[in-house]
Structure formats: C-alpha cells, structure tokens
A.B. asks: 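Right, I'll just put the structure down here and ask away after.
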Amino acid sequence: MAEEIGSTVPRRQLGRLLRQFRNEAGVTLDAAAEALEYSRQKIWRLECGMGPVRVLDVKAMCELYGVSPEMTEAMRGLAAETKSKGWWHAYGDAVPSWFELYVGLESAAAHLRRYDESLIPGLFQTRQYAQAIYRLDRPHASEEDRDRAVEVRLQRQSLLTRRLPAAPNVAQMLSEAVLRRAVGDVRVMMTQLDHLLRLSDLPNVSLRVVPLAAGPHPGAVAGSFVILDFPSTKGGRAAPEPSVVYSESLTGALYLDKPDELQTYEAVWKGLDARALGEAESKDMVKHIIGEMRHD
C-alpha cells in the first residue's frame, strides 16, 4: 500500500504528532528552532507534512519534547514511511506541486464525496475530453507536456477499479450544467457522457445530478469541492486520518481540515443531497441529454 499511496498520509500523521507534542511540552516554534538549531521554516514544514522526515530529526524533536520511548519508536517508523514515493512521481512536473498532495490523499481515501459545478471531474474524463480541457487550461504548453498531463489524469482513474487496497467509494454529484456544457465537439461529449454512465455502474460509484430546476443551492455558492474520508490504519488500531475538504483554483488549492470548516462543507453536502435526483433518475437525465445531442 505504501507504494500505491506514497508518503502523503504518514507525513501528515507525523506532522500532527510533532505539533501536538511540541504544544503539550509548551515549546514555541521559535524556541524549538533555536534548541534544535533548525530553521523555523523547517520545523513548520515538518509539522505541516510537506516533505520527507529524517529519523534523526524525529529522535531529536522527541527528546526535546519529552516524548515517551514507545511513542518515539512509533514516530520513527512513520518517518521511515515518509520516504515512500507514489506512482505520480514518475511523471515529474506533469503533476504540479500544489496538486501532488491531493493525488496522494485521493489514493489513500476510503470515501470520496465530490460536487462539480462546471466540468466533468478528472476521475471520470475520457482521453478526448481531457485533451480538450488541457488545450484550454494550458494553451502555451507543448503537445508533449499536455499529453503527459492527460496520462497522469488517466492513470489516476485506476483507483476506481483497483483491488488492493480496496477501491474507494465515490459519491459524485454533478450540476446539470456540467452535462450540457460542450467540451470539444458533439462526438467528444456523447462519448464522455456514455463513459460517465458506464462508470456509474461500478458498485463503488454513485452518480447523481443536481438539476438546474432545483434553483439556487449551497453548492452553487461553494463551487466544486471534494470531501475525502480515510480508513483506519494498522488493522483499525490507529485512528483514521482526519477528513479533508479539497477545493481547487486556477493556480492552487485549499486543504481544509478544521472542525468548523468540515461542518460547513458537510452542511453543503446535505443541501445538495436534498436537491439532487436519485441515481436512476440521474442516469435517465444523462441518457436524455445524449439523445438530444444525437438528434441535433
């Protein structure tokens, strides 16, 4: 599993523990940096799970914070896991640094709840649809760079059907506008919507449409987002990774995991759930739109 999900979850777990023990010891970030002869930025990055961690650093920080030998040993084990690389590292800069964290979290998640307001999300895109998006998104990129970006997107889709670790359950809600917004030519859109229907038949995928007739709703204000929930680790003996909300923009992304932030998006999801069509009705709508395209 480490090779599949990379180091994302161990980095975040270790970072939270380092911050927790520093705070419990009453040591400020600046005091820790001075005592360890580290830069303040280095400790901040380690606590945010933004890079691999040396076992030596964990040992030094645990000694400073008075962490028990048993917990220190467990954290040393996590530090070793932070050096694992996920499959996406093979694609180099085709995966932007701000998106790399999401790919790792997505690979580790047990449950994804997505709402998309504007476009078919990457997990469900066909090659032709993805190519059309990247021509718009990266107009100055070379064809080779765009092709590599498309390959990353297609590779990500394998998590929908993987066997080990078990494929996540994906609850996908789409605005009706997504289905009607032309990307590429009519053939590209018809193929894309057919593909969407096939994926919705997977046992771990639920597709629902929020019709335009539902009127204004919380998702229209929130925009596209993903709520990621994670499995328990080590046979259920350890607490699961806390849920994260991911919201993407043109040049970066937000990762929200504070309780009030999660509650806000849970409320948005609940509002969407109340307005969305059922799975069967949603499939009927997709088929109806394909029929409209076929007869235009």
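Remember, it's a predicted structure, so these values are computed and weren't measured experimentally. All residue numbers refer to positions in the sequence shown, counting from 1.
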A.B. asks: If you round to the nearest 0.5 Å, how far is CD of Glu47 from CG of Leu18?
C.D. replies: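 Between atom CG of Leu18 and atom CD of Glu47 there are 6.5 Å.
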
A.B. asks: Counting only heavy atoms not in Glu144, do more than 12 fall under 6.0 Å of its CD?
C.D. replies: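 Result for CD/Glu144: open.
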
A.B. asks: If you apply the rule side chain to side chain contact (heavy atoms under 4.5 Å, CB included), what do you find for Arg127 with Glu151, and how did you get there?
C.D. replies: CA-CA 8 Å; Arg127 180 182 296 275; Glu151 289 303 325; 2.6 Å; yes

A.B. asks: So do Pro216 and Val221 actually touch side chain to side chain, heavy atoms under 4.5 Å?
C.D. replies: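 Result no, sub-4.5 Å side-chain heavy-atom pair not found.
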
A.B. asks: Test side chain to side chain contact (heavy atoms under 4.5 Å, CB included) on Val152 and Val103; report intermediate values, then the result.
C.D. replies: CA-CA 10 Å; Val152 171; Val103 178; 5.7 Å; no

A.B. asks: Does one hydrophobic cluster hold both Tyr129 and Leu199, with members joined at side-chain heavy-atom distances below 4.5 Å?
C.D. replies: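 Tyr129 and Leu199: one cluster.
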
A.B. asks: Any carboxylate oxygen within less than 4.0 angstrom of a Lys/Arg side-chain nitrogen, looking at Arg138 and Glu143?
C.D. replies: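 Result for this pair is no, no salt bridge flagged.
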
A.B. asks: Determine yes or no for a side-chain-to-main-chain donor-acceptor pair under 3.5 angstrom, with Ser206 supplying the side chain and Ala171 the backbone.
C.D. replies: no

A.B. asks: Within the 4.5 Å heavy-atom criterion, are Val58 and Val55 side-chain neighbours or not?
C.D. replies: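 In short, these two side chains do not touch, never coming nearer than 4.5 Å.
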
A.B. asks: Test Ile120 against Thr126 for side chain to side chain contact (heavy atoms under 4.5 Å, CB included), laying out the working first.
C.D. replies: CA-CA 9 Å; Ile120 301 288; Thr126 63; over 6 Å; no

A.B. asks: Would you give the length of the straight line joining atom CE of Met173 to atom NE2 of His217, rounded to the nearest 0.5 angstrom?
C.D. replies: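 The distance works out to 10.5 Å.
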
A.B. asks: Applying the 4.5 Å side-chain criterion to the ILVMFWY set and letting contacts propagate, would Ile289 and Val210 be lumped into a single cluster?
C.D. replies: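 They do not share one cluster, since no chain of ILVMFWY contacts under 4.5 Å joins Ile289 to Val210.
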
A.B. asks: Do the side chain of Glu176 and the main chain of Val209 share a donor and acceptor less than 3.5 angstrom apart?
C.D. replies: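 Absent.
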
A.B. asks: When you look at Leu197 and Ile290, which way does the side chain to side chain contact (heavy atoms under 4.5 Å, CB included) test go after all the steps?
C.D. replies: CA-CA 11 Å; Leu197 287 173; Ile290 293 172; 3.9 Å; yes

A.B. asks: Please determine if Asp257 and Arg12 form a salt bridge, counting it only when a charged side-chain N lies under 4.0 Å from a carboxylate O.
C.D. replies: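 Salt bridge present between Asp257 and Arg12.
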
A.B. asks: Supply the atom-to-atom distance Arg198 CZ to Asp194 CG, rounded to the nearest 0.5 angstrom.
C.D. replies: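 With rounding to 0.5 Å, CZ (Arg198) is 6.0 Å from CG (Asp194).
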
A.B. asks: Are any of the side-chain nitrogens in Arg146 or Asp137 under 4.0 Å away from the carboxylate oxygens of its partner?
C.D. replies: no

A.B. asks: Quick check: closest heavy atoms across Ala132 and Gly184, and the distance to 0.1 Å?
C.D. replies: CB-N, 4.1 Å

A.B. asks: Considering only heavy atoms from C-beta outward, does the side chain of Pro242 approach that of Arg16 to under 4.5 Å?
C.D. replies: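 Yes, close enough: below the 4.5 Å cut-off.
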
A.B. asks: For Val27 and Ala32, work out which heavy atoms get closest and say how close.
C.D. replies: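 Scanning both residues completely, I find the closest heavy atoms to be CG1-N, 3.7 Å.
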
A.B. asks: Testing Leu207, Val205, Leu112 for side-chain contact (heavy atoms from CB on, under 4.5 Å) with Gln172, which one passes?
C.D. replies: Leu207

A.B. asks: Would you mind checking if Asp145 and Arg148 are paired as a salt bridge, meaning a charged N to carboxylate O distance below 4.0 Å?
C.D. replies: yes

A.B. asks: Kindly indicate, with the supporting measurements, whether the criterion ring-ring contact (aromatic ring centres under 6.0 Å, His included) is fulfilled by Tyr246 and Phe225.
C.D. replies: CA-CA 6 Å; Tyr246 173 80; Phe225 65 91; over 10 Å; no

A.B. asks: Quick check: does any side chain N or O of Glu248 sit under 3.5 Å from a backbone N or O of Ser224, one acting as donor and the other as acceptor?
C.D. replies: no

A.B. asks: Do other residues, nucleotides or ligands put more than 12 heavy atoms under 6.0 Å from Glu37 CD?
C.D. replies: no

A.B. asks: Report whether Val226 and Leu272 are members of the same hydrophobic cluster (ILVMFWY, side-chain heavy atoms less than 4.5 Å apart, transitive linking).
C.D. replies: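 No, no single cluster joins them.
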
A.B. asks: Report the distance from atom CD of Gln20 to atom CE of Met71, rounding to the nearest 0.5 Å.
C.D. replies: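 Reported value, rounded in 0.5 Å steps: 7.5 Å.
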
A.B. asks: I'd like to know if the side chain of Arg275 and the backbone of Gly271 have a donor-acceptor N/O pair within less than 3.5 Å.
C.D. replies: yes

A.B. asks: Is the backbone N or O of Phe124 less than 3.5 Å from a side-chain atom of Gln192, with the two atoms forming a donor-acceptor pair by type?
C.D. replies: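 Present.
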
A.B. asks: Report yes if the side chains of Met189 and Val186 come closer than 4.5 Å at any heavy-atom pair, otherwise no.
C.D. replies: no

A.B. asks: Using modelled atom types only, decide if a donor and an acceptor are shared between the side chain of Arg208 and the backbone of Leu277 within a distance under 3.5 Å.
C.D. replies: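 Checking the backbone N and O of Leu277 against the side chain of Arg208, a donor-acceptor pair under 3.5 Å is found.
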
A.B. asks: Can you measure from CG (Leu193) to NE2 (His195) and round to the nearest 0.5 angstrom?
C.D. replies: 11.0 Å

A.B. asks: Any donor-acceptor pair under 3.5 Å linking the side chain of Tyr255 with the backbone of Tyr102?
C.D. replies: yes

A.B. asks: Would you check if the side chain of Asn204 reaches a backbone N or O of Pro168 as a donor-acceptor pair within less than 3.5 Å?
C.D. replies: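 A pair under 3.5 Å: yes.
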
A.B. asks: Can you find a heavy atom in the side chain of Leu17 that is under 4.5 Å from one in the side chain of Leu78?
C.D. replies: yes

A.B. asks: Under the 3.5 angstrom rule, does the side chain of Asp273 hit a backbone N or O of Trp269 as a donor-acceptor pair?
C.D. replies: no

A.B. asks: Is there a path of hydrophobic side-chain contacts, each under 4.5 Å between heavy atoms, that joins Val178 and Tyr115?
C.D. replies: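 No, Val178 does not connect to Tyr115 through the hydrophobic network.
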
A.B. asks: Do Arg187 and Met190 make a side-chain contact, defined as non-hydrogen atoms from C-beta onward lying under 4.5 Å apart?
C.D. replies: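 Not in contact.
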
A.B. asks: Would you find more than 12 non-hydrogen atoms of other residues, nucleotides or ligands less than 6.0 Å from Glu34 atom CD?
C.D. replies: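 No, the 6.0 Å shell around CD holds no more than 12 heavy atoms from other groups.
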
A.B. asks: If you measure from OG on Ser175 to CD on Glu117, what distance do you get to the nearest 0.5 Å?
C.D. replies: 4.5 Å

A.B. asks: Give a yes or no on whether a salt bridge exists between Lys270 and Glu266, defined as a side-chain N under 4.0 angstrom from a carboxylate O.
C.D. replies: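 Judged by the 4.0 Å cut-off on N to carboxylate O distance, Lys270 and Glu266 do not form a salt bridge.
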
A.B. asks: Check this for me: Lys283, atom NZ, are more than 12 non-hydrogen atoms of other residues, nucleotides or ligands nearer than 6.0 Å?
C.D. replies: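 Count over threshold, so yes.
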
A.B. asks: Check for me, please, whether Phe21 and Leu46 land in the same ILVMFWY cluster - side-chain distances under 4.5 Å, paths through other members count.
C.D. replies: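 Yes; Leu46 is reachable from Phe21 via cluster members.
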
A.B. asks: Considering only heavy atoms from C-beta outward, does the side chain of Asn169 approach that of Asp229 to under 4.5 Å?
C.D. replies: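 No; the side chains remain at least 4.5 Å from each other.
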
A.B. asks: Give a yes or no answer on whether the side chain of Gln131 reaches the backbone of Asp147 with a donor-acceptor pair at less than 3.5 Å.
C.D. replies: no

